[in-house]
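Below: the structure, in C-alpha cells.
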Amino acid sequence: MTDTFLIGMLVLAAGLFAVGLFGVLARRAVLFQLLSLEVMLSGPSLAFIAAGARHGDPAGQGMFVLVLILAAAEVALGLALYLRMARTANVTDSDSIRDLRH
Amino acid sequence: MTLGAIILLPFFGGLVALFANLIWPRTDRWVALVSLVLGMLALIFVTAEGVLTGGSAAGIEGEAGRWLALHRSDWAPSLGVQILLAMDGFSGVLLFLSLGLGILTVILSWNETEKSALLMAALCWTVATSNGVFLAFDLLVFAFFWELMMVPAFLMIAIWGHGTREATAIKFLIFNTIAGLGLLAAVFYLGSTGENGVTFDAFVIAGRDISPYVQTWLLAGFALAFMVKLPVPPFHAWLPDAHTQAPTVGSILLAGLLLKTGAYGLFRFPAMLFPDGFAVLAPYGLILGSFGTIYGALVACGQTDAKRLVAYTSVAHMSVVLMGICGGVHFSMMGAGIVMVAHAFSASALFLLIGAIYDRVGTRDIRELGGLQRNAPRFAATFALFFSATLAMPGTANFLGEALVITGMFQVNWVYASITLISLVISVVYATRLFQRVVFGASRKAEVKQDLTWRELGPILVLGAGTLFFGLLPQGLMVALDPAVNAAVDGIRAVQK
Amino acid sequence: MTPADLAALAPLIVLGLAIVVSMLLAPRADAVLVRFVAALGPFAAMGIAVMRLGAPSLPVPALLVDDGFARLGVALVAATGLACLIFLRPAQPAREGPPLMVLATLGGAVLAMAQHAATVFLGLEIITLSLLAMTVLPRSNASLEAAYKLLILGAIGAAALLLGFALAYAQTGDLSLGAWSGSGSGMLVRLGAALLLAGIAFKFSLVPFHMWTPDLFSGAPPAVAAFAGVASKVAVAVVLIRLAATPMPEPVWSTGLAAIGMASILLGNIQALRQPSLVRMLGYSAVAHSGYVAVILASGAPLGAEAALFYLASYAPGLIAAFCVAAGIGGTPMLDDLRGLIWRSPIAGAALALALLSLAGLPASVGFLGKFYLFTALIEAQAWALLAVAAVGSALGLYFYMVFMVTLFRRDDTPRPIPQFQTADTILLLAASGMIAALGVNPNPLVNLVRLALP
Amino acid sequence: MTLSPALILLLVPSFALAAFMVLGLYPYTLRRRQVHIIALLGGGLPLLLMAPLTALCAAGHCLGVVPIFTLTVGQSVVALALSLDPLGATIGLTVSAIGAAVLVYSITYMAATSLADLRRFFALMNLFLAAMLTMVLAGDSIVFFLGWELMGLCSYFLIAYNTTSAESITAGRKAFIMTRVADAYLLAALLLLFLHANSVRLDVLIPASATLDATMTTVIAALLLGGAMGKSAQVPFHTWLPSAMAGPTPVSALLHSATMVAAGAFLLMRFAPLMQLAPMVQVAAAVLGVATAAYGAMSALFQQDVKRLLAYSSISQIGFMMLSLGVGAPEAAAAHFVMHAIFKSLLFLAAGDITHGCVEGTDLSSMRGAWTRKPVSYVAFVAGGASLAGLPMVTAGWWSKEAILTAVQGFGAIGQVLWLGAVLTALLTGAYASRAIMIGLMPMRETDMPNAGNVHRHEAPRTGTIWTNLPLMLLATGAIVAGVLVTPIMHFLGAEEPHASAFSVYVAAAAPLLGVGLALALVFVPWLSEGLRNVRAISRKARKMPRRGEGGANSRFVRLALWLNWGMRFDGLYQVMFVRPFVKGVRWLNGYGKAPADPVGTWPVLALVWLQQKITAPLAPDWFDKLWMRGGAGVVRLWALARTVQTGRVRDYGFAMAGGIAGLLLLVWGTP
C-alpha cells in the first residue's frame, strides 16, 4: 500500500465524515439524523483500517471493531430514544424538540 | 495551636451565638460568654506555659526568652502567607485586656433585646479580630485582621447606636479604610520585594536591609493607619462622633480595644521593621503628639456631651502614648505601654458610667445632669475614682504611665516634657468640669434616681481594681512589657549609633 | 498479571464488580440495598486510589497507566460518583440508576488511566452512554430532549475524536498517547490534533462544543448533571494534562485550547449573566469553569497541572452541593423558588450560599484558592491576555452568583414548599459545606493531595 | 511579726486610710455613733503611734528608711519607702495632733449634717490625714508625690463639700487647678532628680543633688520652689486659698491653714540641702516670702470675713516660713510650722465655734459678742490671736517668729532689708489679729442674734460640748506655752541656738504691740473707722471700686483698704490673664467663634470635602456612571443576545460544533 493510496483512503474517510456531518445538520428527521451518524462514524473506521494496513499493524483493525461496537450501541440507544419520543410526544422532527433553550 | 485558639474561640463563639437563638432561645449570651471565657483560659494556659518553660524561641533568632509562645504554620505557601502568631508580654497584656473587656461587655449587654444574637456576635468578633491584630506577625495576616476589625465595630455603631448612627458608622469606616490603604500598600510592597520570593514574615522582613528613604515612606504608610486608629489630631475627627453615637459596649470596646490596636501597631512595628525611617519620622510624631495632647485636652474642656468629652480626653491620652512611643527611650515607651492599659481601664469605666446615666435619664448633656452625689452614692464614688484616674492622680495606673512618659521626655527634650506637664494641668480642668457637673449640685432636668445595679457595679469595680492595682503594684505589668520595650528601644538605638 | 498490575487495576475491578453485582440485584432486591452495594464500588475505588497516591507510578501493559494523575483522577471521579449516587433521583421506579452511575464512574476511571487511543475512546464513550441512560431515567420530555441532544452531539464529538486519532495513526502508526510527540510537524498529525481537540472539547464542554451542557443540566436529574460537570471533566482534564505533557503539535494545540478556553469563559459567563434557572446558570457557569481550566493548561505554566487539578477539585464540592440542593427542591428551581431559602431550610440554604460563594471564588471558601491558583498560574506563564479574560470572566461571574446568593437571604411571604432532604443528602451537604469552609481556611490538605499526584 | 517601730511607722497612715475605706465603702450601713468612732479611731491612732515614734527619734534612734517594696523600671530601681527622721517626726507629730484635734472638734460642729454627708466628710478627712502623713513620712519621691497629690484631691472634694453651693464647687475647682500647676513643677523637679540620681529614695536623691551642675541645680530648685509656692498659696499662686474658705470650718482648720497649705514649706525643708546649693533661688524664696508675708498681712487687715482674714493670715505666716527657708534656716521654719499649726487651727476652730449658726455666716460681725456668747471659745481665740500676733515672751508664736527674724538678720546685707520687711509685717500681724479679737469684745447687734426659732440655725450651748472644748483648750494651752519647745525643736533638727542682738529683739517685741495700737486706731480714730465702714458697705453690696475722690475725705484710704480687701485684685488679674483667654480659646475650639467645632479635626475633613466637590462638580453629570450604566446595559443586551445562541435545536448545536471543528482545522491550515 502506497502513501498515495493511504491519502486517498483518508480523503475518502474525511469525505464520509463530512457527508455524515452534513446529513446530521441537513436532515430534520430523527431517523435520518441517526443514519447520518452511522455514516459519519464510518469515516474514522475506514481511516483506521487504511492506516492499519499502511503500517501493517493490527491495532487499526482493533480500533475498527471498537468503533463498530460503539456505533451499534449508539444507534441502539438512539433508536430507543426515537421510539420513546415518537410514542409519547409523537415527534419525528428533531427541530420540534426545543423546549430546552436559552 | 493554643495561640490560634485565642483568636478562633471568640470567632466561632460569635458565629455560634449568631445562630444559637434559632435552636434554643436566649442562649446567645451564654455562648458568647463561654467562648470568651474559654479564650481567656486558653490565654492563661499559653501564658502560664510560656512563663514556666521560659518561652519559646523557636524560629526567631537572637530573641530567646522574649516570646512566650510562637505558632507558625503554612497557610498559602505559594502566596508567601503563613500563619505566624507570636506572643510576648506586651501582646499578652493586651490580649488579657481584650478578652477581659469582651467578657465585661457581654455581661453588660446581658439584657439587650434588640438583635441580641448579632450584638453578641459583634462583641465576640471585635475581640477575635483585635486578638488577631495583637498576635499576627505575618504582615498580610495582620493587615487582614486590621481591616476585618472595623466590621464588627461598624455594625455596633450602625445598628445599636444613637442619633445619626449610620452616618457616623460610615464616617468611622471611611476614615479607617482610607488609612488602612497606607498599611496595605506598605505591606504589599514589603511582601513582594524580598529576595527569596514573596514573604510577609515580619521577622524576616525585619532582618532586611531597606534603604532609609524607602523605610521612611513605608513607615509613613504604616503610621497613617495607626495614627488614625489611635487617633492623633488632625486624624481624630471620627472618634468623638463614633464614641458619641456608639452604644455603651461599643464605646467601651472602641476605647479599650480599637484605639489600643493603633497604639500597639505603633509600638511594635516601626521600631522593628523601619528603625531608620523611625529615626526620621519620630520628631514629627513627637510634635504631632504634643500638639494632640494639648489640643485634645483643650477641646475636651468645652464639651457639653459627656461621652464626647471623654472621647476628646482619649485623644489627649492617646497622643501621650504617641509621644511616649516616638520618644524612643525606655522610660517613655514603658510609660506609653502603661498609659495604654490604664486608659483602657479608665476610659472604659467612664463610658460605662456615662452609659448607665444615659440609660436612666436619656441625656448625656452635662448641663442638664447633676446631683449624683445626693441620689446615687455608688455612682458618685466610682465616678470619683475614675475622675482621679483621668486626671492622672498618683496611685492610679494613668499617673504611673504619664509620669514615665514625662521622665522619658525629659531625656529627649525638655519642651515635650513641659507640654505633657501642661496637659496634666489642663486635665484637671476638663476632669473637674465633667465631674462636678455630673456628680455635684442638683440636676435641673435629668435627675438620676436609681443607683448603679450590681451588674453594672461589678464590671466597674473590676476596672477600678485594675486601675488601682496597676497604679500601686505595677511590677508585674512592667515585667510583662519590658521585653517588648527593650526590643523596640534596642532597635531604635542601633540606628542612632 | 503481576500483583502490581492487580493493584493498579484494582479500582477498575471493584467498580466492575459493583456494577455487575448491583445490576444483578437491581430487578429483585430492595432499592436501598442496590444503591448501597453500588456505592461500595466507588467508595472502595476511592479508598484504593487515595491509599496508593504516593506510590511509584508504573505502566500497565499497553492500554492503561498507573501514575499519580491516574490515581488522583480515579479518586476524584470515584468521590464524585459516590456523592452523586447519594442524591441520584428518581431512585424508586428506576433501579438501574445506581449501577449506571457506577458505570459512568468506571468510564471516568478508565479515562483517567488511559494511555492509548482505545482506552481514551472507550472511557469517553462509557461515560457518554451511561450518562445518556441516566438522563432518560425520569422519562420526561425534557430528559428525552437532553438525552437526544447529548446523543447526537456526542456522536459528532466521538467521530471527530476518532478521526483525529486515525489521522495521527496514519502518520505514525502508533495509537498510544505518546505517539503525538516526535513527529509533531507532520500535517496529518496536526490535523489530527485539531480534531482530537474538538472531540475532547466536546466532553469538556468548551465553546463552541458546549451547547449540550446547559440543556443536559436542566433536563437530566441533578446528580447526572453534577457527574457530567465534575467527574467527566476531571477525567478529561487528566487526559488533557497527559496530552500537554506529550508535546502536542504546537502552536495548534495551545492556541486552539486558549482560543476555545477564552471563548468559553466569555460566552459561558455572559450566557449565565441573568439566567433565572439555577441549574441552567450552573450549566453555563460550568462552561466558564471549563474555560478557566482550559486556559490554565493552554498557558503552559509550570504550575499548570497542579493548578488545573486543584481548580477542579476546589470547584467540585460547590457544584455538588448546589446540585444536591437543586435535587432537594425538585424540578428546575428558578430564582423565585430560592427566595428566602436560608430561612425556610437553613442547612440547605447555608450550603447553597457557601457553594455559590465558592463557585464565585470569594475568600474564606475553597473556590477562592482555586481562583488564586488560576491567577497565579496565568501570571507565572505571563499570559496576560488569558489573565485579562479570566479576570473579566470572574467579575461577570461574581454578578450572577451574587444575584442568587442575595436571593437566598431575601425574605418573602409567599408560602413555598420546604425542600425535602434525606439524611444522606443532609450529610452530603454538611460534608460539602465543611470542605468548602475548612479548605478555604486551610487548603493545605488539598494542596498536599494534589502535589502528591504530580510526578 | 512583732510590733517593731518600723511596722508602727507603716501603720501610721494606714489607720487613717483604713478609716477612709470603711467609711467610704458603701455597702456597710453605719449609724452616726459608729461613724464617729471610726473617724476618731482613724484620726487618733496615728497620733498615738506617732508620739512614741517621735520620742524614739528624739532619743536618737530615728528609724531612717523603711522600705515598702521595690520596682524595677528598665535599669532603674524604684524603691518605695517611708522614713522617719527628725523633720518627719516633728511635722508628723504636729499633723497627727492637729488632725486628731480637728476631728474631735468636728463631731459637734458637724452634728447637724445628714449621715451620708457626715460619712463623706469624715472619710475624706481621714483620707487627707493619711495622705498628709504619707507625704510627711515619705522615704521616696513617689510616695511623697502620692501623698502630695492625694492631699490636693481631698482638698478639692472637701472645699466642694457642700455640693449644692456653686461657690464652693468653683472654689474647689480653682484650688485644684492652681495647685495642680504647682504640682506640675514639683513633678518635673522630682523626675529630673530621679533621672539624675537614678533613684527615687530621698536619702539617695537629695545627697546626689550635690553632683548636679549649677544650671540644673538652679532649675530644679526653682521648680521645687514653684511647687512649694503653689501648694502653700504664696504670691502669685495664692488666690485659691481665700476662696477655699468656702469649705466647712474644720476643713479650713486642718487643710487650709495648719497642715496642707504649709506642706509647701515642708517640701522646701525636706529639700533644704538642695536649695542651699542654689543661692539665687534661695534669695528669690526669701524675697517672695517676705513679700507674701507683707501682702498677706496687709490684705488680712482689711478683711470683712473672719475666715478670709485667717486665710490671708495663713498666706502671710507661711510667707514667714518661706523667708526663713530662703535665708537658710529650715529649722526655724519647721519650728514656725509647728507653732503656726497650733495657733492657726485653734483660731479657725474657735472662730468656727463662735460664728457657727450666725446669720452673717463667717462675717467679722458674727464675732461680736463672742465674750458673752461663747466665753470658752473666745478665750481660746484670744490665745490663738495673741500667739498669731506674736506678743512677746508670753506666746508661742513669738518664739518661733523670733527665731526666724534672728536667722534673717544673720543673712548679710540683704538680710537687713528682709528683716525690716518682716518686722513691719509682724506689726501688721499684730494689728489684724487684735482687730479680730477686739471685735469679739463688741456687743452683739440685734440682727445678729441667733434666732432660736429658725430650724436652720444651730444653737450650741454657751459653754459648748466636751468635743468642742477639749481640743480648743488643749490647743489654746499649746498656743501659749509651746514656745518653750522652739529651741528643743531646732536642736532636734540639728540647728544651733539662735542668738539675736538685743536691739533687734526689742524692735521685734515692740512691733506686735505697735500693731495692737494700730488696731486700736482703726477702731477708735473716727476717720479710719468711718472709712472701714465705707469699705464694708461697698465690699458687701456694690463690689465696685469707687472712683477717685468719691466718698469723702477718706476716699484714698477707702480705695486702699478696698484694694487690699480684694487681695490687690489678683483674682481679677488672673481672670483677665488666664481664665478668659483660656475660656475664649476653648469656646473658639468648640465652634462658638468663627471656626467650626474641633477645627483641627474638622478642617481636614472640610478640606477633603471641598477638594472632592471641586473635583466632582465638573463631573456632576457623572460621565463614568453613565458609561458604567451603559456598559452594564450593554452587557445585559449582550446576555440577551448570547442566550439566543442556545436555540434548543440540535441541528444548530451540531452546526456550532461543525464550525468549531472547521475553525480548528483552519487554525492548523493557517499555522506553519
Side-chain angles (χ1 to χ4, degrees), chain A residues 3 6-7 9-10 13-14 16-18 20-21 24-25 30 33-34 36-52 54-57 59-60 62-67 69-71 73-78 80-82 84-85 88-89 91 94 97-102, chain C residues 62 116-118 121-122 124-126 128-129 132-133 135-136 139-156 158-176 188 191-192 195 211-212 214-219 271 275 277 280 283 332:
Chain A
D3 279 352
L6 176 64
I7 297 298
M9 292 313 277
L10 289 181
L16 278 173
F17 175 80
L21 185 53
V24 173
L25 300 185
V30 173
Q33 284 186 326
L34 291 175
S36 304
L37 287 184
E38 289 304 302
V39 175
M40 195 166 66
L41 281 168
S42 65
S45 315
L46 179 60
F48 273 120
I49 299 241
R54 168 72 183 76
H55 293 288
D57 184 9
M63 285 303 290
F64 169 71
V65 175
L66 263 181
V67 175
I69 294 168
L70 162 81
E74 198 121 302
V75 165
L77 263 172
L81 276 179
Y82 169 66
R84 183 90 204 162
M85 284 191 292
T88 56
V91 172
S94 77
I97 41 171
R98 46 180 304 211
D99 292 333
L100 301 174
R101 58 181 171 184
H102 298 323
Chain C
H116 189 272
F121 175 63
L122 209 60
L124 277 178
E125 283 312 316
I126 294 175
T128 310
L129 292 178
L132 255 173
T135 305
V136 291
R139 296 183 194 160
S140 64
N141 283 346
S143 65
L144 280 175
E145 181 180 343
Y148 181 67
K149 285 172 178 168
L150 182 59
L151 174 76
I152 299 291
L153 301 178
I156 299 175
L161 181 94
L162 284 170
L163 194 58
F165 273 123
L167 290 183
Y169 178 54
Q171 180 142 28
T172 62
D174 187 358
L175 276 170
S176 73
L188 280 181
L191 285 173
L195 288 166
M211 291 177 142
W212 57 276
D215 293 0
L216 180 79
F217 276 31
S218 51
Q271 285 186 318
Q275 181 54 245
S277 157
R280 273 188 94 74
T332 50

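Per chain, numbering begins at 1; letters A, B, ... match sequence-line order.
- Residue A/Leu10 touches chain C through its side chain alone, counting heavy-atom pairs closer than 4.5 Å.
- Heavy-atom distances place both the backbone and the side chain of A/Met40 under 4.5 Å from chain C.
- Using a 4.5 Å cut-off between heavy atoms, A/Phe48 contacts chain C through both its backbone and its side chain.
- C/Asp215 touches chain A through backbone and side chain together, each having a heavy atom under 4.5 Å away.
- C/Leu144 CG to A/Tyr82 OH: the interatomic distance, rounded to the nearest 0.5 Å, is 13.5 Å.
- Inter-residue side-chain proximity for A/Leu66 and C/Glu125 is flagged as unmet; no heavy-atom pair is nearer than 4.5 Å.
- Looking at C/Leu161, neither its backbone nor its side chain comes within 4.5 Å of chain A, counting heavy atoms on both sides.
- In terms of non-hydrogen atom pairs under 4.5 Å with chain A, the most contact-rich of C/Leu195, C/Leu167, C/Leu163 is C/Leu163.
- Here the side chain of A/Gln33 pairs no donor or acceptor atom with the backbone of C/Ile152 at under 3.5 angstrom.
- In terms of heavy atoms, A/His55 sits closest to C/Tyr169 at NE2-O, 3.1 Å.
- Looking at heavy atoms from C-beta onward, C/Phe165 lies out of side-chain contact with A/Pro44 at the 4.5 angstrom threshold.
- Residue contact with chain A, scored on non-hydrogen atoms closer than 4.5 Å, involves the side chain of C/Leu175 exclusively.
- Contact record, A/Ala73 with C/Leu129: CB-CD1, 4.0 Å, taken as the closest heavy-atom pair.
- Using a 4.5 Å heavy-atom cutoff, the side chains of A/Glu74 and C/Thr128 are not in contact.
- Of the inter-residue distances, the one linking C/Gln171 atom CD with A/Asp3 atom CG reads 9.5 Å to the nearest 0.5 angstrom.
- Taking OG of C/Ser218 as the start and NE2 of A/His102 as the end, the distance is 12.5 Å to the nearest 0.5 Å.
- To the nearest 0.5 Å, the span separating CG on A/Leu25 from CD1 on C/Ile156 amounts to 6.0 Å.
- The distance from atom CE of A/Met63 to atom NE2 of C/His116, rounded to the nearest 0.5 Å, is 7.5 Å.
- Heavy atoms closer than 4.5 Å to chain A are found in the side chain of C/Gln275, but not in its backbone.
- Contact between A/Ala51 and C/Ala166 at its shortest, heavy atoms only, is CB-O, 4.3 Å.
- The greatest number of non-hydrogen atom pairs below 4.5 Å with chain C, out of A/Val24, A/Val91, A/Leu46, A/Val30, is found for A/Val30.
- In this structure, C/Ala160 and A/Phe17 approach most closely via the heavy-atom pair N-CE1, 3.6 Å.
- Heavy atoms closer than 4.5 Å to chain A are found in the side chain of C/Leu132, but not in its backbone.
- Interatomic distance, C/Asp174 CG to A/Asp57 CG, rounded to the nearest 0.5 Å: 8.5 Å.
- With respect to chain C, the highest number of heavy-atom pairs below 4.5 Å among A/Gly60, A/Ala13, A/Ala14 belongs to A/Gly60.
- In this structure, C/Arg280 and A/Leu100 have side chains that are in contact, with non-hydrogen atoms separated by less than 4.5 Å.
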